[in-house]
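Have a look at the structure below before the remarks.
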Amino acid sequence: GRAEADDYFNYGKLTWTSGNNDGRSMEVKSSGSGTFILFQPMPSVVQIGDTYSVYKGCDRKKASCKGFGNYDNYQGFPDLPGIDAMMNYPDAKN
């Protein structure tokens with residue numbers, strides 16, 4: 001069993017290290033209660049005893065990036081104005 005909180009591995013990557021899917025990877029859609037839901041099914045059936053490695057992903061939100069300790073590398077655009085403000089000319093009167 002895994003001890004991480006629910007959703008901890010969302011958007012992460014799971015890579016099989018044994019079994020019929022050995023060496024194959026897939027992005028994690030959601031995680032919780034010791035289970036993973038992947039974005040797409042694996043090509044081969046996962047068997048009891050297959051091993052894997054998994055790492056935490058990023059939901060690409062500013063707050064998550066700060067919590068992950070990676071805000072210095074955040075390259076999103078969280079503070080852009082809405083489309084109406086972006087389409088105005090500099091001399092437009094609102």
Side-chain angles (χ1 to χ4, degrees):
R2 306 238 24 142
E4 295 84 6
D6 288 353
D7 302 325
Y8 182 81
F9 290 106
N10 290 8
Y11 306 104
K13 186 176 184 181
L14 185 143
T15 302
W16 296 101
T17 56
S18 73
N20 294 332
N21 292 301
D22 188 15
R24 297 179 190 257
S25 299
M26 182 60 60
E27 189 175 8
V28 177
K29 185 174 186 178
S30 64
S31 62
S33 302
T35 62
F36 299 99
I37 296 179
L38 305 177
F39 272 96
Q40 294 186 3
M42 297 307 300
S44 299
V45 175
V46 176
Q47 303 286 328
I48 293 175
D50 288 356
T51 58
Y52 63 89
S53 63
V54 63
Y55 67 86
K56 183 177 179 177
C58 179
D59 59 8
R60 295 156 184 88
K61 295 179 182 172
K62 183 167 81 170
S64 300
C65 205
K66 282 184 180 179
F68 193 52
N70 195 34
Y71 188 69
D72 289 344
N73 294 318
Y74 180 71
Q75 295 183 3
F77 299 98
D79 302 317
L80 285 178
I83 192 72
D84 292 339
M86 288 179 19
M87 297 304 290
N88 278 339
Y89 289 96
D91 63 346
K93 304 215 191 280
N94 291 334

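- Asp7 pairs by the side chain to side chain donor-acceptor pair (under 3.5 Å) definition with Asn10, not counting sequence neighbours.
- Applying the side-chain contact (heavy atoms from CB on, under 4.5 Å) rule to Asn21 yields the partners Trp16, Arg24, Met42, Pro43, Ser44, Val46; only residues at least two apart in sequence or on another chain are considered.
- Partners of Thr35 under the side-chain contact (heavy atoms from CB on, under 4.5 Å) rule, at least two apart in sequence or in another chain, do not exist in this structure.
- When every heavy atom of Phe36 is checked against every heavy atom of Ser31, the shortest pair comes out as CD2-CB, 3.8 Å.
- In this structure, Lys29 places its NZ atom where only 12 or fewer heavy-atom neighbours from other residues, nucleotides or ligands lie under 6.0 Å away.
- Taking Glu27 as the reference, nothing meets the side chain to side chain donor-acceptor pair (under 3.5 Å) condition, with sequence neighbours excluded.
- Closest approach of Phe39 to Met26, counting heavy atoms only: N-CG, 4.2 Å.
- Take Thr15 and apply the side chain to side chain donor-acceptor pair (under 3.5 Å) test, not counting sequence neighbours, and it matches Ser25.
- Other residues sharing the hydrophobic cluster of Ile48, ordered by chain and number and joined by side-chain separations under 4.5 Å: none, the residue standing alone.
- Listed by chain and residue number, nothing satisfies the ring pair (Phe, Tyr, Trp, His ring centres under 6.0 Å) test with Tyr11 (two or more places apart in sequence, or in another chain).
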What's the verdict on side chain to side chain contact (heavy atoms under 4.5 Å, CB included) for Leu38 and Val28, showing C-alpha distance, side-chain angles and the deciding distance? CA-CA 4 Å; Leu38 305 177; Val28 177; 4.1 Å; yes
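- Among residues two or more places apart in sequence or in another chain, the side chain to side chain donor-acceptor pair (under 3.5 Å) test is passed with Thr51 by Thr17, Ser18.
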